[in-house]
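Notes follow the structure.
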Amino acid sequence: MYSFLARRWFLLLLFAGVGLAALSPVALRPFTAALSPRLVVALALFLMAWGLESRSLLRSLARPLPALWAALISYGVLPPLALLAGRFLPEADYRVGLLVMASVPCTLASAVLWTRMAGGNEATALLVILLTTGTSWLWTTLWLTAGTDAVVAVDAAGMMRELLLVLVLPVLGGQLMRLSGRLARAAARRKTLLGAVAKLLVFLIILRAAVDVSGRLRERTEELAVLPLLATAALCLAVHLAGLLGGLTSSRLLRFDRPTQVAVAFACSQKTLPVALFLVETYYKDAHPLAVVPLVFYHVGQLVADTFVADALARPQAASHADENRDAGRRP
């Protein structure tokens with residue numbers, strides 16, 4: 001039981017939070033309304049960047065092709081796939097939300113965690129996070145300007161400035177903290193704690209989004225149909241899984257080693273909810289109040305589905321290690 005709770009505590013907390021938000025959004029709204037997406041996102045990024053080992057990133061930088069490939073899939077494949085999938089959605093809000101989610105950078109905490117669970121190369125996942133986060137101000141802006149400009153006038157320059165402030169500066173600040181040996185050692189000793197706090201911050205954003213979605217759906221119960229909601233959830237999961245399988249398959253064809261294949265698969269397909277929520281609330285909230293719905297569907301769907309994917313990917317490696325240990329025990 002302890003082992004199960006240690007491995008699944010975040011998913012259990014996620015289910016409990018989303019369920020509570022669905023049942024009683026009014027009770028949670030005073031708490032979630034006080035949360036600032038900008039502050040929470042920046043703080044989570046800062047904590048994770050502080051805990052990133054610079055040497056691991058340097059080793060990945062010496063072999064950058066896998067990370068560049070993952071970033072290419074993340075920004076070059078998933079957004080147009082979301083545009084294509086959006087044609088099957090009758091609600092403009094859902095189409096905008098799906099495109100926003102597909103256009104944001106790799107999710108910060110879970111990409112590394114799920115890569116670790118599956119026995120993948122964490123350093124590659126970390127590099128993808130930095131690449132997609134550091135260039136989000138450009139690629140996210142381009143996709144949203146091109147994909148939604150006919151519906152909503154996007155302030156491209158303003159979006160670039162906001163993303164630079166919210167994404168890039170906290171990452172740089174966290175890495176600068178590691179220039180101090182004392183602070184770097186403190187981060188190494190508290191790496192698990194820093195990761196847990198960062199995930200809790202992400203959970204707070206998920207809870208805020210879930211409360212927002214539940215409240216808006218309740219307000220428009222008579223206008224909304226169930227089938228479009230189900231179709232949106234299915235297409236969000238389909239876009240994510242298409243990216244994951246595409247990353248895994250293409251990495252095999254490119255002859256990356258298995259741990260790198262795993263890292264590419266998770267990092268190219270997982271998308272960050274806090275940044276997407278920040279963009280929706282800043283640029284699309286008034287014109288598309290239900291654009292937040294696909295954000296929650298995509299993020300919750302990727303966390304749940306990837307848990308089982310990570311378990312499946314970890315089994316062959318665990319079996320291989322067991323065989324190696326068995327063979328080593330038989331040697332004289």
Side-chain angles (χ1 to χ4, degrees), residues 18 37 41 71-107 110-111 132 136 139-154 159 163 202 205-206 208-210 212-214 216-217 220 223-247 266-306:
V18 172
V41 170
L72 178 62
I73 296 174
S74 180
Y75 282 139
V77 176
L78 264 66
L81 191 59
L83 282 172
L84 179 62
R87 295 183 179 182
F88 297 95
L89 297 175
E91 186 80 36
D93 290 17
Y94 301 158
R95 294 195 293 270
V96 170
L98 180 55
L99 178 61
V100 170
M101 196 64 189
S103 302
V104 295
C106 170
T107 187
S110 64
T132 56
S136 177
W139 301 115
T140 301
T141 303
L142 287 177
W143 276 114
L144 295 185
T145 302
T148 64
D149 194 43
V151 182
V152 175
V154 176
M159 187 182 293
L163 288 173
V202 172
I205 293 297
I206 296 173
R208 176 188 169 113
D212 197 11
V213 167
S214 181
R216 294 184 191 185
L217 291 179
R220 295 184 54 179
E223 303 177 27
L224 292 175
V226 175
L227 285 180
L229 282 174
L230 295 177
T232 301
L235 287 174
C236 287
L237 183 59
V239 169
H240 165 68
L241 291 178
L244 188 148
L245 293 175
F266 286 118
C268 78
S269 60
Q270 289 197 3
K271 296 289 185 171
T272 176
L273 174 65
V275 176
L277 183 63
F278 157 69
L279 291 173
V280 165
E281 291 198 344
T282 302
Y283 296 100
Y284 303 101
K285 185 176 181 179
D286 294 333
H288 299 286
L290 293 181
V292 70
V293 172
L295 275 56
V296 176
F297 283 164
Y298 192 107
H299 197 74
V300 173
Q302 76 182 9
L303 294 181
V304 175
D306 286 2

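For this chain, numbers begin at 1 and follow the sequence in order.
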Side chain proximity check, M101 to H299, heavy atoms < 4.5 angstrom: yes
More than 12 heavy atoms of other groups within 6.0 Å of W143 CH2: yes
Non-hydrogen side-chain atoms of L98 and C236 separated by less than 4.5 Å: yes
Distance-only donor-acceptor check, side chains Y75 and T132, under 3.5 Å: no
From S269 atom OG to D306 atom CG, the distance as rounded to the nearest 0.5 Å: 5.5 Å
Euclidean distance, L244 CG relative to I73 CD1, rounded to 0.5 Å: 10.0 Å
Side chain to side chain, T107 and Q302, heavy atoms closer than 4.5 Å: yes
Heavy-atom side-chain proximity of I206 to V296 below 4.5 angstrom: no
Pairwise distance CG(D212) to CG(L290) - rounded to 0.5 angstrom: 9.5 Å
Partner set under ring pair (Phe, Tyr, Trp, His ring centres under 6.0 Å) for Y298, not counting sequence neighbours: H240
Non-hydrogen atoms of A85 and L235 that approach each other most closely: O-CD1, 3.5 Å
Side-chain donor-acceptor contact under 3.5 Å, K271 with S74: yes
Shortest non-hydrogen separation from L78 to A102 and the atoms involved: O-CB, 3.7 Å
Note, Y284 side chain near D93 side chain (heavy atom, < 4.5 Å): no
Check against side chain to side chain donor-acceptor pair (under 3.5 Å), T140 and S136: CA-CA 5 Å; T140 301; S136 177; 2.8 Å; yes
Heavy-atom closest pair, residues L99 and P79: CD1-O, 3.8 Å
Main-chain N/O of A111 paired with Q270 side-chain donor or acceptor, under 3.5 Å: yes
Flag, side chain of R95 to backbone of R87, donor-acceptor distance under 3.5 Å: no
For the student: nearest non-hydrogen atoms of A305 and L237, plus distance: CB-CD1, 3.9 Å
Shortest non-hydrogen separation from V280 to A291 and the atoms involved: CG1-CB, 4.2 Å
Pairwise side-chain contact, P228 with Y94, heavy-atom cut-off 4.5 Å (strictly under): yes
L279 side, atom CG; T272 side, atom OG1 - distance, nearest 0.5 Å: 10.0 Å
4.5 Å side-chain heavy-atom contact, L229 and F297: yes
Non-hydrogen side-chain atoms of L144 and V96 separated by less than 4.5 Å: no
